[in-house]
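Here's the structure we're looking at; comments come further down.
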Amino acid sequence: MDDVVFSINSRKEAIETISSVSDMLKSRGLALNLAKTAIYDHEDGRYHFQIDLNRYIDSVENTKATDPKYKTVCSDIHKKFKAHFKDRNPKYWDKIAKRYITTYSKLNSRLLLNILSDIYLKYPGLRINLVMYLSKIGYCKKTSEIILEIIDKMDIFDDISLYQICHLVSQWEIPVNEKSKEFLSVFEGKITSFSFKRKVSSDFFCVLWFKTKYNHHEDLMKFIDKYKNLWQTDSFLRRQVTAVLSRLLLTNTKAKELLYTQLSSGILNSVTLSTQIFQFAKIEKLDKKLTYYLFPEKLQRPYPLGKFMVLCSILNSEKIRTNAEVKKKIRIHIKDPYFLKWLDVQYNIS
């Protein structure tokens, strides 16, 4: 348990309360970390918990673009956010920084883009919030340039950083045109270089996930086949590749051969998943559960890549992919340009 905060009437009462909490924890084999326990008076509490900034953000975070003060609020938030980095001593400094980033998202303000890459590289604790902001803003010339700049300058010491970036790019609804193809090609080259430099399974997964969405099915199959010795020796990667084969089953005989190999492998996860993919390819109609999973009442934007893999699995069934009602639901729910491209190329759903 972390960040337990409570108010008290006096320092004496605070010490007595902490002592009681400590005794109670000890009786259960736990210990209070006294080095991280602090008692603040009124002024220190106001400073460390950033009370005034919290109240300010509360007052402006729900400003609408139609509000007459919208531009002024966006500008003010930007000034205050930059000023926030001049004093990083408050205990809750990072929480306020994250609230600022969330507020940029709520306001749909693009001012943060001008300083985002620098903050991303210098403050790893803020990265997930910055990625969420980029997800909200979406793909454009500026955001694509920021991602390439981050990839160029980032020293990846943990497995999560590269995954967060790749997950972001796979979530973006990127148009199918020459400019975006150039970005995707450069990005793929950089993450592939990272992956084979570090030789970490999670990096290979990042490349696989990216290629699953943006590569033509023939190129994706070549990649899977080329690195067969690598992923077949890792149970996690083996399962991920097996899932991806659902997108290739209808268009490539090698995909079917690999799925049969997984069936005979004796590895439970791979056997179960391969069996499910083959079963989906034979179904004649969608039951209520599968229909609700693939086509929920509330449209999903972005449509999850994992769910798209399941959709591909059921479209391997001729009766499903030629069903007029299924086609209608797909046109309503799928808006991502690359998903639409592969549905047309592989399943003749235009």
Using ring-ring contact (aromatic ring centres under 6.0 Å, His included) as the criterion, list what pairs up with [X], not counting sequence neighbours.
X: Phe236; answer: Phe205
X: Tyr260; answer: Phe278
X: Phe210; answer: Phe187, Tyr214

Charged N to carboxylate O under 4.0 angstrom, [X] versus [Y]?
X: Lys12; Y: Glu16; answer: yes
X: Asp58; Y: Arg99; answer: yes
X: Lys228; Y: Asp225; answer: yes
X: Glu325; Y: Lys328; answer: no

Candidate pair His84 and Trp93, rule side chain to side chain donor-acceptor pair (under 3.5 Å), full reasoning
CA-CA 8 Å; His84 189 60; Trp93 177 89; 3.2 Å; yes
Kindly say whether the aromatic ring centers of Tyr347 and Trp342 come within a distance under 6.0 Å.
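No: the rings miss the under 6.0 Å criterion.
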Within the 6.0 Å centroid threshold, strictly below: Tyr227 and Phe223
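Yes, they do, as the ring centres are separated by less than 6.0 Å.
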Contacts of Lys327 that satisfy salt bridge (charged side-chain N to carboxylate O under 4.0 Å, His left out) - sequence neighbours left out:
none
Quick one: do the Ser180 and Asn177 side chains pair a donor with an acceptor below 3.5 Å?
yes
Ignoring hydrogens and geometry, is there a side-chain-to-backbone donor-acceptor pair from Lys136 to Ser105 under 3.5 Å?
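Such a contact is found between Lys136 side chain and Ser105 backbone.
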Is Arg88 reaching over with its side chain to a backbone N or O of Phe85, donor-acceptor style, under 3.5 angstrom?
yes
I need the full list of ring pair (Phe, Tyr, Trp, His ring centres under 6.0 Å) pairs touching residues 300-335, with sequence neighbours left out, sorted by first then second residue.
Phe295-His333, Phe308-Phe339
Identify which one of Arg321, Lys341, Arg247 satisfies the side chain to side chain donor-acceptor pair (under 3.5 Å) criterion when paired with Gln346.
Arg247
Salt bridge (charged side-chain N to carboxylate O under 4.0 Å, His left out) partners of residues 263-290, not counting sequence neighbours, each pair once:
Glu284-Lys319
